[in-house]
Protein chains: 2
Amino acid sequence: MTDGPDWRPVKRVRAFEEVVAQIEEQIASGRLRAGDKLPGERALAAALGVGRPSVREAMRVLEAMGVLVANPGSGPEAGAILAGSAGPALTGVLGLHLGLANFAVDDVVETRLLIESWAVEGAARHAGEADLDRLHAIVAAMDDPDLSPDRFNELDTEFHTTIAELSGNALVTTFMRALRDTVRRHQRRAVAELGPDTGALRADHRAILAAIVARDPRAAADAVAAHLRRAYPQVSRVREDAPSPEN
Amino acid sequence: MTDGPDWRPVKRVRAFEEVVAQIEEQIASGRLRAGDKLPGERALAAALGVGRPSVREAMRVLEAMGVLVANPGSGPEAGAILAGSAGPALTGVLGLHLGLANFAVDDVVETRLLIESWAVEGAARHAGEADLDRLHAIVAAMDDPDLSPDRFNELDTEFHTTIAELSGNALVTTFMRALRDTVRRHQRRAVAELGPDTGALRADHRAILAAIVARDPRAAADAVAAHLRRAYPQVSRVREDAPSPEN
DNA sequence: ACCACAGTGTGGTCCGACCACATGATTCGA
DNA sequence: TCGAATCATGTGGTCGGACCACACTGTGGT
């Protein structure tokens, strides 16, 4: 394994990478926290001994990762502010690599099934009364007969996101939402609008909620699996976890 | 719900965002495929009617998302080439938001447990003889008594990544690796080196492999869970999926 | 007290220039 | 003739400067 000189191809370090690295370090060490505001681009460039374009490229990278937002103008809203949720960044990454065929739509849906099944089990175990009320309200709101498709989608997102939150794992929530948005954006581009009629989807939601209310994690997971299979019928690969009749 | 004027805050569209959007569109529509090379920055800027800095910032964004790599010089290796795995990009995003306390280390480990448990079940069902040989070879290689910590870690990564691949879901593989790298990088920064002695970890690997060989998905998942609990003892929150004694 | 206005600082954009690098054609020498 | 040093070319990387649009802020005037 360790035969021959075996050089590494020399690490090319670009200026903006060093800028990103330093900001990352400030974040990791806790010297920079969420809500903090970075110095202005000009000041930062001077402090780091690089040109403003390098600082700007670093900003773009951090912005793409959902770490900061940049606002022009003056006042408390202006400048580069550390904030951010990882969600949109993840959605973007997943969407791009979906387009590059680095993985398939089936993979995405299957992963969402895996994650959301787990999340709903947690929800069935730990949901409090207030949580259940929120879910009931969402389900009820989706029964409005003259609901715009966009609004319907918003409520659907809220339903699933709330369930994910009840798992108590913020990362799972983020993943779940990113996976859902990725699939949705992808099929928006290819196929027509909502495939299955909303009636079946709303019935699924009620079944999921009923299982959560009944504190039955297994039934809740099954209901979620059935729901996703109905919502994404074009996805062929849907595996079972426990009840595998094979072998 | 639709009361009042209800303005949207005006979409600020920056030039580089438009550039990114156009490249994204070319990718989504299939006109740009993996392996393709983009025009030079100057040519692209001229074609799009923007300045070169805007094109460069777009490049940085796409590069940060793991979509392309940029090489200077001349020849077939030079230029902006579409390629890329999503892995490093995901690791970067997760690490940053871990530092920003948008989610906790426990969340990350728990999510990895969830994903890898599922993956190993698939591996136990679908692994072929060649796959098992690969795993056996890795496990054997890790028994070398004078193995550098770095090399040990490489092999450990290979073991877990191979299992994830056997699930047949490329996205799960990517996630698994990103989660693992995120935790590792994080504790590198905080705590000392390898916590548990390698002997127990290697024994865990053997147990996981044995369950896969035995085609026992349930046992394999349990073995993975036990392994992760041993590897990350500082993580308090480790839930069970099915065998929950509570309730 | 109120309002209009210039001042100031922010990010956004662009231009032009130069550098380092890798390649390929060219030229010069043996 | 063949080889090797050299130059030309084109790439991304970096920089400084300049200008713009924007949003706030203080300072005038009314």
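The chains referred to below are lettered A, B, ... by the order of the sequence lines, with proteins before strands, and numbering in each begins at 1.
- Considering only heavy atoms from C-beta on, A:Leu135 comes within 4.5 Å of A:Leu166 through its side chain.
- A search for side chain to side chain contact (heavy atoms under 4.5 Å, CB included) contacts involving B:Ala80 returns B:Leu38, B:Met59, B:Leu68, not counting sequence neighbours.
- Side-chain contact between A:Val183 and A:Arg112: absent, with no pair of heavy atoms (C-beta onward) separated by less than 4.5 Å.
- Rounded to 10°, the angle separating the first-five-pair axis and the last-five-pair axis of the helix from C:dA1-D:dT30 to C:dA30-D:dT1 equals 30°.
- Judged as a side chain to side chain contact (heavy atoms under 4.5 Å, CB included), and not counting sequence neighbours, the contacts of B:Thr111 are A:Asn169, A:Leu171, A:Val172, A:Phe175, B:Ile115, B:Leu179.
- Scanning for side-chain hydrogen bond (donor to acceptor under 3.5 Å, both in side chains) contacts around A:Gln26 gives A:Arg31, with sequence neighbours left out.
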- Contact letters for nucleotides 8-14 of chain D, in which S counts primed atoms plus P, OP1 and OP2 and B counts the base, heavy atoms under 4.0 Å: --BBBBB
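- Across the protein-nucleic acid pair, B:Glu77 atom CD and C:dA20 atom P stand 23 Å apart, rounded to whole Å.
- With ring centers used as reference points, B:His205 lies under 6.0 Å from B:His160.
- Residues A:Leu82 and B:Leu100 are in side-chain contact: their nearest non-hydrogen atoms beyond the backbone lie under 4.5 Å apart.
- Here B:Glu154 pairs with B:Arg151 under the side-chain hydrogen bond (donor to acceptor under 3.5 Å, both in side chains) rule; sequence neighbours left out.
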